[in-house]
Amino acid sequence: MADTRQIRARKGPVTYFLRFFVIAYLAVLVIWPLWEVTSRTFAPTERGAEAGVAAFLERLQEPSVSYAFGLTATVAFWAVLINTAFGVGISLLITRYRFPGRRILSVLIDLPMSVSPVVVGLALVLAYSTGQGWFGEALEEVGIFIIGTTPGLIMATAFVSLPLVIREIVPVLEEIGTDAEMAASSLGANGWQTFRRITLPSIKWAVVYGVVLSMARSLGEFGAVKIVSPGAEFRGETATILIQNRYTNYEEPTAYAAAFVLVLASVLALVVVSLIRKEDHA
Amino acid sequence: MSIEVRGVGKRYGDFVALDDINVSLPTGQLTALLGPSGGGKSTLLRIIAGLESTDGGSVEIEGTDATKLPPQKRNVGFVFQHYAVFKHMTVAKNVAFGLEIRKRPKAEVKAKVAELLELVHLSQFAHRLPSQLSGGQRQRLALARALAVEPSVLLLDEPFGALDAKVRKELRDWLRRLHDEVHVTTVFVTHDQEEALEVADEIVVINEGRIEQIGTPDQLYDEPANDFVMSFLGEVTRLGGVRLRPHDIDLSTTPGAPESHAGVVVRSLRVGFEVRLTVEVEGHAEPTLVVLSRTHARALDVDAGSRVWLRPTTGATAVPVLDVATA
């Protein structure tokens with residue numbers, strides 16, 4: 001790609017105006033609100049107490065808060081794991097095989113991105129809750145409960161973040177083409193060997209990138225999880241639900257502290273992603 | 001016979017890529033599949049390799065029916081036009097790939113890789129990544145990789161198509177010499193008649209999904225089966241009632257030779273060592289093309305406007321024109 005820096009070297013009033021505009025926009029929409037959250041996170045726990053990291057940690061040490069973060073981590077872990085496996089599989093299916101309904105599948109995959117997570121949650125409840133839904137009764141008979149339990153939370157989260165992995169891998173698979181894979185098979189490699197030794201190394205960074213993105217999305221998921229979860233303390237209360245509950249219960253400082261942890265996780269994900277991008281283009 | 005293709009056909013929707021192809025390719029030979037782009041030659045090669053399925057018929061490789069075998073069981077080496085090297089592996093790892101898949105002992109793999117890199121003159125690049133190689137080097141790497149598994153047949157799909165003219169010529173000579181050393185049955189696809197004539201022992205001309213002619217380069221050039229083969233293998237022009245090659249025309253500046261056609265040079269174009277003359281022959285609708293060597297043209301002192309007499313050289317390959325629509 002051409003280096004655009006040299007073309008844009010001249011700075012006129014328009015440049016300065018645009019620069020001011022963008023900074024102002026970001027400040028009003030992102031920086032100031034986040035700064036408010038951060039400052040309250042480190043605010044003193046009570047009047048006269050010390051502000052800072054100690055206050056922040058004290059808020060997080062509540063058992064219900066650690067439970068919420070533990071649950072969020074578990075849910076995110078499984079959702080990402082499921083999405084990685086299915087994401088790679090579906091991506092291969094879409095790019096490497098021709099079958100009727102391929103384009104419909106490709107459109108359906110984007111659905112979770114465009115449908116509101118609340119709707120996703122409702123749909124899952126309708127399909128799986130005991131006593132109603134298509135599978136509800138059958139599942140109840142075998143003793144599997146999905147709605148209101150951790151598997152339900154994982155399902156909702158996985159549903160919402162699936163496209164992130166696929167949308168990273170599909171373009172890379174299309175770009176690398178099938179020549180190397182065909183060469184490998186003519187050299188005697190079977191399907192699995194070709195995948196592990198040729199395809200996977202080529203899409204490695206796309207997979208990592210997709211995993212990081214869907215991890216970030218999973219940690220922050222609220223809408224779908226809110227519907228599926230009972231949402232009470234120690235019972236399906238994830239970090240995002242905890243933030244909402246505490247905020248409405250006038251325990252704002254705890255809500256801010258938990259929110260800050262989520263912000264931190266997202267920033268970390270962004271840093272990882274930008275490092276990967278650099279690695280990718282090296 | 002190393003490869004037996006019987007009744008192979010392939011359709012893509014309404015488009016007939018291959019139509020009832022029957023061909024046998026003898027062991028140890030270098031065969032070219034020659035034809036225009038989209039004529040089906042690459043499809044045939046990919047069907048032999050198992051990278052494409054056939055709609056009907058059978059493919060036999062070294063006496064075993066391979067029609068239903070997946071590519072990894074056919075023991076063929078395949079070289080792609082765009083190299084298809086494994087970008088994330090070093091040159092040595094690329095070559096070792098097929099052997100490692102076959103779980104050969106490490107020492108054997110190492111020795112074989114060293115031997116092959118020597119053969120393709122890439123020994124000093126063993127630890128580089130393919131991105132650090134030139135196009136010609138990458139294609140030699142792809143060849144070494146394909147040869148490593150000691151395939152019963154080596155298939156090359158327009159192997160030099162993506163390279164520039166000079167490298168292409170070098171690699172072509174090199175492929176011929178390599179084949180004389182290694183003697184593996186080799187089939188390569190090309191649309192460049194010069195490449196086919198220069199390198200191949202035998203040429204299969206394919207056009208519009210059908211085989212037009214099979215023969216040695218000499219046979220094809222001297223006894224083309226039809227107009228298509230004749231015009232595809234080289235330039236063709238018309239003189240009197242026959243079609244012949246422009247360099248098979250005798251040109252003289254004086255009348256008198258029997259059966260000669262009088263005409264006037266309307267255009268003279270010099271390209272390197274040759275001179276191409278466009279001659280308006282009396283009684284012809286379209287002009288005749290004559291090619292002379294630069295020295296010959298200078299000796300005869302012909303240029304645009306010269307009056308000349310043309311007749312086919314003795315022993316020229318000439319095909320009678322079927323549609324006698326000469327004005």
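Values below: all heavy atoms of this structure, side chains included; hydrogens, waters and symmetry mates excluded. Remember, predicted model here, so these are calculated numbers, not experimental data. Throughout, a chain's letter reflects where its sequence line sits, starting with A, and its residues are numbered from 1.
- Counted within 6.0 Å of CD on A/Glu175, heavy atoms from surrounding residues, nucleotides or ligands total 12 or fewer; the atom is thus considered open.
- Scanning both residues, A/Ala183 and B/Ala84, for their nearest heavy atoms gives CB-O, 4.1 Å.
- Here the closest heavy-atom approach between residue B/Arg102 and residue A/Gly188 is recorded as NH1-CA, 4.0 Å.
- To the nearest 0.5 angstrom, A/Met182 atom CE is 5.0 Å from B/Phe80 atom CZ.
- Shown here is A/Leu18, whose CG atom has more than 12 heavy atoms of other residues, nucleotides or ligands within 6.0 Å.
- Counting non-hydrogen atoms of neighbouring residues, nucleotides and ligands closer than 6.0 angstrom, the CD atom of B/Glu170 exceeds 12 such neighbours.
- Rounded to the nearest 0.5 angstrom, A/Leu187 CG and B/Gln72 CD are separated by 11.0 Å.
- Between B/Phe97 atom CZ and A/Gln193 atom CD the span is 7.0 Å, to the nearest 0.5 Å.
- The distance from atom NZ of B/Lys73 to atom OG of A/Ser186, rounded to the nearest 0.5 Å, is 14.5 Å.
- The CG atom of A/Asp179 lies 8.5 Å from the CZ atom of B/Phe78; values are rounded to the nearest 0.5 Å.
- Contact of B/Arg74 with chain A is not made at all, since no heavy-atom distance falls under 4.5 Å.
- The environment of CH2 in B/Trp174 is crowded: more than 12 heavy-atom neighbours from other residues, nucleotides or ligands sit within 6.0 Å.
- Proximity to chain A involves both the backbone and the side chain of B/Arg145, based on heavy atoms less than 4.5 angstrom apart.
- Heavy atoms only, all atoms of each residue included: B/Ile101 and A/Ala189 are closest at CD1-CB, 3.7 Å.
- The local environment of CZ in A/Phe21 is sparse, with at most 12 non-hydrogen atoms from other residues, nucleotides or ligands closer than 6.0 Å.
- Between atom CD of residue B/Glu100 and atom CZ of residue A/Arg197 there is a gap of 5.5 Å, rounded to the nearest 0.5 Å.
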